[in-house]
Amino acid sequence: MSTAKPKLNFYNTLTRSKAPFEPMDANNVRMYACGPTVYDFAHIGNGRAAIVFDLLFRVLRYTYGAEHVTYVRNLTDVDDKINARALRDHPDLPLNEAIRKVTETTAAQYQKDVAALGCMEPTVQPRATDNIEEMQRLIATLIERDHAYETNGEVLFAVDSMDDYGQLSGRSLEDNLAGARIAVESHKRNPADFVLWKQSSAEEPGWDSPWGRGRPGWHIECSAMSERYLGKTFDIHGGGLDLIFPHHENEIAQSRCAHGSHAMANVWMHNGFLQVEGQKMSKSLGNFFTIQQLLETTDFGGRTWPGEVLRLAMLMTHYREPIDFTLKRLEEAEGLLVKWAIAAEQGTDHSHPDEQVMEALRDDLNFSKARVALESLAGKAKKNEPGAAGSLISTLSYLGFHDLRQFIDTGVTEDVYEVYVNSKGYSVDEKVAARLAALNVKNFAEADAIRNELAAQGIALLDGKDENGQRTTKWELKR
């Protein structure tokens with residue numbers, strides 16, 4: 001007799017609602033996330049996506065068993081800039097080998113970066129260049145089914161051939177643009193038709209194909225690789241909010257029309273945008289940072305930052321919300337890790353994460369609620385309650401925070417912990433919880449008294465509401 005799995009709830013971009021997650025097969029849960037283009041080092045926006053979907057991977061593994069979850073994250077190494085550099089730097093090598101030479105440094109740096117951010121290796125990490133034949137087969141099927149057409153050596157997807165094109169983005173066909181990364185001539189039947197295969201000139205890199213020597217468009221690679229490793233329809237597809245249109249919309253069109261299926265993925269999950277110190281990240285503004293810069297240089301805030309700090313700073317905002325990546329946010333994240341590390345110092349890992357934390361994460365990766373449970377666990381550990389320190393260690397380790405010792409051995413002491421956690425012998429978190437309880441029963445006098453008491457200790461309270469409209473309070477040290 002099988003044991004019922006705990007229920008998960010995820011927000012689905014396709015349906016624009018949160019609903020219980022029901023995998024197609026609980027013994028074979030499948031997820032795909034779009035990885036980076038390895039033309040250059042990955043930026044911190046790429047880091048947020050890696051962290052979010054690593055957390056999802058961990059929650060799925062915890063719920064269904066590690067051996068029952070497959071996670072595919074691709075590496076895009078088919079790109080006109082990469083192709084041109086490969087031809088320029090390695091003209092005597094076969095194209096795939098030349099591209100591998102060009103991208104081996106950036107791809108290796110990406111793997112190093114996301115490992116430092118606490119991300120597990122996905123089950124499969126396919127490269128686009130290793131799946132050219134799969135892309136060509138998919139394109140041939142689309143032509144056979146009258147969803148694509150050849151013109152002037154190119155192959156274009158005919159958006160008019162799909163009645164419900166645009167469901168994911170909610171855009172009407174008239175509003176859509178091609179959105180391809182490579183140039184498209186004016187010979188399209190519909191302005192929104194997008195490139196599946198683009199011809200290459202004698203001077204440009206390319207692969208032989210039934211439609212002439214050329215290279216694939218951007219969108220076809222993920223349709224081909226997801227089918228190869230996960231099947232024609234799978235459970236979850238993830239990526240950044242910026243990929244909804246055109247990339248994910250066009251992936252859906254290609255896959256559904258090629259396979260005659262009702263869905264490419266049943267659930268679509270997207271992480272929100274990232275800005276830096278209140279501004280859109282841009283090289284022209286001087287606020288464009290790579291993961292490697294944050295980890296290894298002093299370019300941001302005049303110091304290097306541990307991967308655990310970057311990870312927690314990303315998770316402190318719900319994955320669907322926009323995030324303002326600031327120095328203050330990193331300092332807050334580091335303060336929390338110091339607090340948790342000192343609380344867990346005397347514990348030993350007992351291998352089972354705290355169920356309240358995992359229950360919170362099963363609700364659309366609600367890390368804010370999980371953080372409350374972690375704070376409670378840290379408070380118990382600080383009071384030496386049996387098993388609490390070990391549970392805190394194992395829970396943080398399961399969530400990707402492995403090296404807590406560094407937050408004790410870098411000169412941060414118990415005195416700092418006392419500033420963050422205790423004031424005159426009581427827990428700040430307990431006081432905040434007591435104030436929330438007073439507010440909920442409209443005992444405003446008691447709530448004000450607690451606020452004033454904390455203010456006298458240099459602690460400021462920040463009131464707000466969560467996504468369900470429930471009152472929340474965060475606290476920070478006054479500066």
remark   = Residues passing the side-chain hydrogen bond (donor to acceptor under 3.5 Å, both in side chains) test with Thr129, sequence neighbours excluded, are Asp77
ask   = Which residues pass the side chain to side chain contact (heavy atoms under 4.5 Å, CB included) test with Ser17, sequence neighbours left out?
value = Thr15
message = Donor-acceptor pair, distance only, cut-off 3.5 Å: does the side chain of Asn152 make one with the backbone of Glu154?
response = no
task = Considering non-hydrogen atoms only, spot the tightest contact between Ala313 and Leu330 and give its length.
result = CB-CD2, 3.5 Å
message = Once ring pair (Phe, Tyr, Trp, His ring centres under 6.0 Å) is applied, what residue pairs with a partner in residues 127-159 remain, sequence neighbours excluded?
response = Phe157-Phe194
query = Which residues pass the side-chain hydrogen bond (donor to acceptor under 3.5 Å, both in side chains) test with Ser261, sequence neighbours left out?
reply = none
query = Which pair of non-hydrogen atoms, one from Phe57 and one from Pro122, has the smallest distance, and what is that distance?
reply = CE2-CA, 4.5 Å
inquiry  = I'd like to know if the side chain of Gln109 and the backbone of Gln292 have a donor-acceptor N/O pair within less than 3.5 Å.
reply    = no
query = Taking the six-membered ring for Trp, are Tyr110 and Phe41 ring centroids under 6.0 Å apart?
reply = no
ask   = Between the side chains of Tyr71 and Arg61, is a donor N or O closer than 3.5 angstrom to an acceptor N or O?
value = no
inquiry  = I'd like to know if the side chain of Asn287 and the backbone of Lys280 have a donor-acceptor N/O pair within less than 3.5 Å.
reply    = yes
message = Ala115: which residues meet the side chain to side chain contact (heavy atoms under 4.5 Å, CB included) condition with it, sequence neighbours left out?
response = none
task = Begin from the C-alpha positions of Thr76 and Val38 and carry the test side-chain contact (heavy atoms from CB on, under 4.5 Å) through to its verdict.
result = CA-CA 6 Å; Thr76 295; Val38 287; over 6 Å; no
query = Got a second to check how far Arg58's CZ is from Asp54's CG, nearest 0.5 Å?
reply = 4.5 Å
request  = Flag the pair Glu134 and Arg228 as a salt bridge only when some basic side-chain nitrogen lies within less than 4.0 angstrom of an acidic carboxylate oxygen.
outcome  = yes
ask   = Going by an N to O cut-off under 4.0 Å, is there a salt bridge joining Asp40 and Lys81?
value = no
query = Are Arg256 and Glu249 within salt-bridge range, i.e. N to O under 4.0 Å?
reply = no
inquiry  = Applying side chain to side chain contact (heavy atoms under 4.5 Å, CB included), can you list everything that pairs with Ile132, at least two apart in sequence or on another chain?
reply    = Val78, Met135, Gln136, Trp197, Trp207, Pro216
key: Residues that Thr326 engages under side-chain hydrogen bond (donor to acceptor under 3.5 Å, both in side chains), provided they are two or more places apart   = none
query = Looking only at atom types and distance, does a side-chain atom of Thr141 sit under 3.5 Å from a main-chain N or O of Arg137, one as donor and one as acceptor?
reply = yes
Under 3.5 Å donor-acceptor pairs involving side-chain atoms of residues 263-273, not counting sequence neighbours:
from, atom 1, to, atom 2, distance (Å)
Trp268, NE1, Ala265, O, 3.2
His270, ND1, Thr13, OG1, 2.8
His270, NE2, His248, ND1, 2.8

inquiry  = For Trp211 and Gln199: C-alpha separation, side-chain torsions, deciding distance, then whether side-chain contact (heavy atoms from CB on, under 4.5 Å) applies.
reply    = CA-CA 8 Å; Trp211 318 285; Gln199 64 185 349; over 6 Å; no
message = I need the full list of ring pair (Phe, Tyr, Trp, His ring centres under 6.0 Å) pairs touching residues 275-295, with sequence neighbours left out, sorted by first then second residue.
response = His43-Phe288, Phe289-Phe300
request  = Check whether any side-chain heavy atom of Gln254 sits under 4.5 Å from a side-chain heavy atom of Ile220, and report yes or no.
outcome  = yes
key: Heavy atoms from other residues, nucleotides or ligands near CD of Gln356 exceed 12 (cutoff 6.0 Å)   = no
inquiry  = With a 4.5 Å cut-off on side-chain heavy atoms, are Gln406 and Pro306 touching?
reply    = yes
task = Decide salt bridge (charged side-chain N to carboxylate O under 4.0 Å, His left out) for Lys328 and Glu331; before the verdict, give the C-alpha distance in whole Å, the side-chain angles of both, and the deciding distance to 0.1 Å.
result = CA-CA 5 Å; Lys328 184 177 180 181; Glu331 291 172 343; over 6 Å; no
inquiry  = Take a 6.0 Å sphere around CD of Glu133 and say whether it holds more than 12 heavy atoms from other residues, nucleotides or ligands.
reply    = no
ask   = Which heavy atom in Ile51 sits nearest to a heavy atom in Leu315, and how many Å separate them?
value = CG2-CD2, 3.7 Å
query = Quick one: does Asp354's side chain have a donor or acceptor within less than 3.5 Å of a partner on Ser391's backbone?
reply = no
inquiry  = Please give me the minimum heavy-atom distance between Val29 and Asp235, naming the atom from each residue.
reply    = CA-OD2, 3.4 Å
query = Hey, is the main chain of Leu60 close enough, under 3.5 Å, to the side chain of Thr63 for a donor-acceptor pair?
reply = no
Cut-off 3.5 Å, no hydrogens considered: what does the side-chain donor-acceptor table look like for residues 358-367, sequence neighbours left out?
from, atom 1, to, atom 2, distance (Å)
Arg362, NH1, Glu355, OE2, 3.4
Arg362, NH2, Glu355, OE2, 2.3
Asp363, OD1, Lys18, NZ, 2.8
Asp364, OD1, Tyr11, N, 3.0
Asp364, OD1, Tyr319, OH, 2.6
Asp364, OD2, Arg320, NE, 3.0
Asp364, OD2, Arg320, NH2, 3.0
Asn366, OD1, Ser368, N, 3.4
Asn366, OD1, Lys369, N, 3.0

key: Least distance between heavy atoms, Gly206 atom then Ser200 atom   = CA-OG, 3.8 Å
message = With a 3.5 Å distance limit and no angle check, can you tell me whether Arg16 reaches the backbone of Leu14 through a side-chain donor-acceptor pair?
response = yes
request  = Locate the shortest heavy-atom distance separating Gly231 from Arg30; write the atom from each residue and the value.
outcome  = CA-NH1, 4.4 Å
task = State, with a plain yes or no, whether a side-chain heavy atom of Arg127 is found less than 4.5 Å away from one of Asn74.
result = no
query = Nearest 0.5 Å, what's the CG-CG distance between Leu95 and Leu87?
reply = 8.0 Å
ask   = Just by distance, do the side chain of Thr290 and the backbone of Gln293 share a donor-acceptor pair under 3.5 Å?
value = yes
query = Can Glu332 and Arg371 be said to form a salt bridge (charged side-chain N to carboxylate O under 4.0 Å, His left out), step by step?
reply = CA-CA 13 Å; Glu332 180 185 357; Arg371 175 179 166 180; 3.4 Å; yes
Listed partners of Lys101 passing side chain to side chain contact (heavy atoms under 4.5 Å, CB included), at least two apart = His90, Leu93, Glu104
task = Just do the side-chain contact (heavy atoms from CB on, under 4.5 Å) check on Glu150 and Leu196 with the steps written out, would you?
result = CA-CA 10 Å; Glu150 183 181 358; Leu196 300 174; over 6 Å; no
message = Less than 6.0 angstrom from the centroid, inside 45 degrees of the normal: does Arg171 satisfy that with respect to the ring of Phe245?
response = yes
key: Main-chain N/O of Ser201 paired to Arg213 side chain as donor or acceptor, under 3.5 Å   = yes
query = Donor-acceptor pair, Asp193 side chain versus Asn190 backbone, under 3.5 Å?
reply = yes
task = Could you walk me through whether Tyr62 and Val59 pass the side-chain contact (heavy atoms from CB on, under 4.5 Å) test, one step at a time?
result = CA-CA 5 Å; Tyr62 181 78; Val59 171; 5.7 Å; no
inquiry  = Taking side-chain hydrogen bond (donor to acceptor under 3.5 Å, both in side chains) as the definition, give me every residue that meets it alongside Glu251, ordered by chain and number, with sequence neighbours left out.
reply    = His237, His247
